[in-house]
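In this text the structure is predicted, and so the values were computed from the model without any measurement.
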Amino acid sequence: MTDLTPITALGGSAPRIARFADMTLSENAGLALASLSMPRGAAPPAPFGLALPGPGRLVAAPPYGAFWMGPDSWMVSGEGLAETDFAAALAAEASGARITEQTDGFAAFDIAGPEAGIAALLERLVNLRPEAVAPGCGTRTGFEHMSVFILRPAPGRVTLLGMRSAAASVWHGLETTLGRL
């Protein structure tokens, strides 16, 4: 018989957590993701009451959030909603939008700690100006040999979204860098 036991992106039965002094790195297996694209010239919707952000920005109204991915294109998230049909819920909120389920295509990793520690971490992780990774910002960038989204929902917090197939590599890079702070 087939074993259909769910596992996290890192292969565990529960999300992985690691602590480094006053910083915490955790796998976020509960984050639901769906991309939302609008036809050229169409007014963007306000799914779940979110005013979809412009370039380099993100918005959050827990449990929902969204960040800009390109012209007329956003990624919408739902914290703790990975086990639901998030794309269908988003489609009901965004008439005329093109919705694609993304939850299982990405692995999410949250880092929490004092703002000074987050700033020091970001200096070592990505080659971006500090204002590009300030709270309220979200952008795609290179990390190690991969492409990731860096999201700053609030001071003292950063989330990296990487391809699920590279989850172990993203975790290793984060763990190594945090261990050197």
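- One side chain, Glu101 or Thr103, offers a donor N or O that lies under 3.5 Å from an acceptor on the other.
- Contact of the Leu121 side chain with the Leu181 side chain is registered, since non-hydrogen atoms from C-beta on lie closer than 4.5 Å.
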TODO: Would you check, one step at a time, whether the test side-chain contact (heavy atoms from CB on, under 4.5 Å) holds for Glu144 with Leu125?
DONE: CA-CA 8 Å; Glu144 304 251 334; Leu125 289 182; over 6 Å; no
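- Pairs passing the side chain to side chain donor-acceptor pair (under 3.5 Å) check and including a residue from residues 118-140, sequence neighbours excluded, read Arg129-Glu131, Arg140-Ser147.
- A donor-acceptor pair under 3.5 Å is absent between the side-chain atoms of Ser73 and the main chain of Met69, judged by distance alone.
- Across all their heavy atoms, Gly113 and Met23 have their closest contact at CA-SD, 3.8 Å.
- Take Ala42 and apply the side chain to side chain contact (heavy atoms under 4.5 Å, CB included) test, not counting sequence neighbours, and it matches Met38, Pro39.
- Note that CE of Met75 is 9.5 Å distant from OG of Ser37, once rounded to the nearest 0.5 Å.
- Under a 3.5 Å cut-off, the side chain of Glu27 and the backbone N or O of Leu10 do form a donor-acceptor pair.
- Follow the hydrophobic side-chain contacts under 4.5 Å out from Phe67 and you never reach Leu128; the two are in separate clusters.
- Through direct or indirect side-chain contacts shorter than 4.5 Å among Ile, Leu, Val, Met, Phe, Trp and Tyr, Ile17 is connected to no other residue.
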Donor-acceptor pairs are to be reported for all side-chain atoms of residues 148-164 against protein atoms at under 3.5 Å, with residues two or more places apart or in another chain.
unit_1	atom_1	unit_2	atom_2	d
Arg152	NE	Arg157	O	2.8
Arg152	NH1	Val133	O	2.9
Arg152	NH2	Glu115	OE1	2.8
Arg152	NH2	Glu115	OE2	2.9
Thr159	OG1	Asp110	OD1	2.7
Arg164	NH2	Ile7	O	3.3
Arg164	NH2	Thr8	O	3.4

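- Here the side chains of Arg98 and Leu36 are not in contact, with every heavy-atom distance at 4.5 Å or above.
- Taking each heavy atom of Arg19 and Thr24 in turn, the nearest pair found is CG-OG1, 4.0 Å.
- In terms of heavy atoms, Trp68 sits closest to Pro71 at CZ2-N, 3.4 Å.
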Only distances under 3.5 Å count here; give the side-chain donor-acceptor pairs of residues 81-97 to other protein atoms, sequence neighbours excluded, each with its distance to 0.1 Å.
unit_1	atom_1	unit_2	atom_2	d
Thr84	OG1	Leu81	O	2.6
Asp85	OD1	Ala88	N	3.3
Glu93	OE1	Phe48	N	2.8

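- Nearest heavy-atom pair across Gly41 and Asp72 is N-OD2, 4.4 Å.
- Taking all atoms of both residues into account, the shortest heavy-atom contact from Ala34 to Ile99 is CB-CG2, 4.1 Å.
- If you chain together hydrophobic residues whose side chains sit under 4.5 Å apart, Tyr64 and Leu33 never meet in one group.
- For Ala132 against Cys137, the heavy-atom pair with the smallest separation is O-CB, 3.4 Å.
- Pairs passing the ring-ring contact (aromatic ring centres under 6.0 Å, His included) check and including a residue from residues 95-145, sequence neighbours excluded, read Phe109-Trp171.
- In this structure, the side chains of Glu79 and Pro62 stay at 4.5 Å or more apart for every pair of heavy atoms.
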